[in-house]
Amino acid sequence: RAAGAALKGSMQFFVDTADIDDIRDLAATGLLDGVTTNPSLVAKSGRDFFDVLKDICAVVDGPVSAEVTATDHETMVTQGRKLAAMASNIAVKVPLTWDGLKACKALRADGTMVNVTLCFSAAQAVLAAKAGATFISPFVGRLDDIGQDGMELIQDIRTIYDNYPALETKILVASIRHSTHVLQSALIGADVCTVPPDVLRKLAQHPLTDKGLAAFLADWQATGQDI
Ligand code: E4P
């Protein structure tokens, strides 16, 4: 592991949703490091984008990704500045296109966090890092869906980024479908996983934990003691 990477703490967990009830519930665990949204998730919430972002930023201190919808870099920057003005923890999400990369560079010059999204190749991830992205979001589930190995992409990006210890772009594993994606991300040393709420809740569950706890509680009750 390269020297820069050795400074990392634990892998961070973001939740991938625009549902404020889920976000409030998961933030209450104290283990939520941030939130990612995208236009499809906002559409699914059925709510006004800015209202949703205001609500999320009121409960989450960590990065909250909000995606631009323009495809030309000038309008992306205008939209990005409008989103960034909402709260200091907004990370503007731009797609991995040439316009997106140009917008990334401009928004980073403002001091705004930028999440470069829709990454499907290591070459794209190299460009995002060069554009100064705060986060690169490779979509592992969508690669698996078309018969490729999403986690192989994460490993390749980790290897490349570790070749350049001065790079500060964080690998944010996106399009996660199940807990094995999270486990493999941690094994590879990805910086962040953005996880759908149902998958995030399942991470703490194991049938042997439930069975073991039930046995402990029954045995304890039989002692008649109290703490
Ligand atoms: C990332 O930030 C995206 O919101 C998300 O992970 C996409 O996942 P999907 O492939 O499940 O839509």
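Both ligands and their constituent atoms are indexed starting at 1 by order of listing.
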Original post:
Given S65, which of N115, T37, T117, T134 fulfils the side chain to side chain donor-acceptor pair (under 3.5 Å) condition?
Top reply: N115

Original post:
Has ligand 1 got any nitrogen or oxygen that is less than 3.5 angstrom from a nitrogen or oxygen of D16?
Top reply: yes

Original post:
Would you say the side chains of T75 and D72 form a donor-acceptor pair under 3.5 Å?
Top reply: yes

Original post:
How far is atom 11 (O) of ligand 1 from its nearest protein heavy atom, and which residue and atom is that?
Top reply: R177 NH1, 2.9 Å

Original post:
With a 4.5 Å limit on heavy-atom distance, are the side chains of D55 and L53 in contact?
Top reply: no

Subject >> Contact check: N38 vs ligand 1, nitrogen or oxygen atoms, below 3.5 angstrom >> reply: yes

Original post:
Based purely on interatomic distance, does T194 place a nitrogen or oxygen under 3.5 Å from a nitrogen or oxygen of ligand 1?
Top reply: no

Original post:
For S175, is at least one N or O under 3.5 Å away from an N or O on ligand 1?
Top reply: yes

**OP:** Mark up the atoms of ligand 1 that fall under 4.0 Å of a heavy atom belonging to K93, in ascending order.
**Re:** 1 (C), 2 (O), 3 (C), 4 (O)

**OP:** Inspect the contact between D110 and K105 and indicate whether a charged nitrogen and a carboxylate oxygen are less than 4.0 angstrom apart.
**Re:** no

Original post:
Which atoms of ligand 1 have any heavy atom of A174 under 4.0 Å away?
Top reply: 1 (C), 6 (O)

Original post:
How many angstroms lie between atom OG1 of T180 and atom NE2 of H178, to the nearest 0.5 angstrom?
Top reply: 5.5 Å

**OP:** List the steps and the verdict of salt bridge (charged side-chain N to carboxylate O under 4.0 Å, His left out) for D19 and K44.
**Re:** CA-CA 8 Å; D19 184 318; K44 196 173 152 196; over 6 Å; no

Original post:
Would the number of heavy atoms belonging to other residues, nucleotides or ligands and lying under 6.0 Å from CD of Q221 be above 12?
Top reply: no

**OP:** Could you list which atoms of ligand 1 come closer than 4.0 Å to a heavy atom of R142?
**Re:** 7 (C), 9 (P), 10 (O), 12 (O)

Original post:
Can you find an N or O of S137 that's nearer than 3.5 Å to an N or O of ligand 1?
Top reply: no

Original post:
In terms of residue, atom name and distance, what is the protein heavy atom nearest to atom 7 (C) of ligand 1?
Top reply: F139 CE2, 3.5 Å

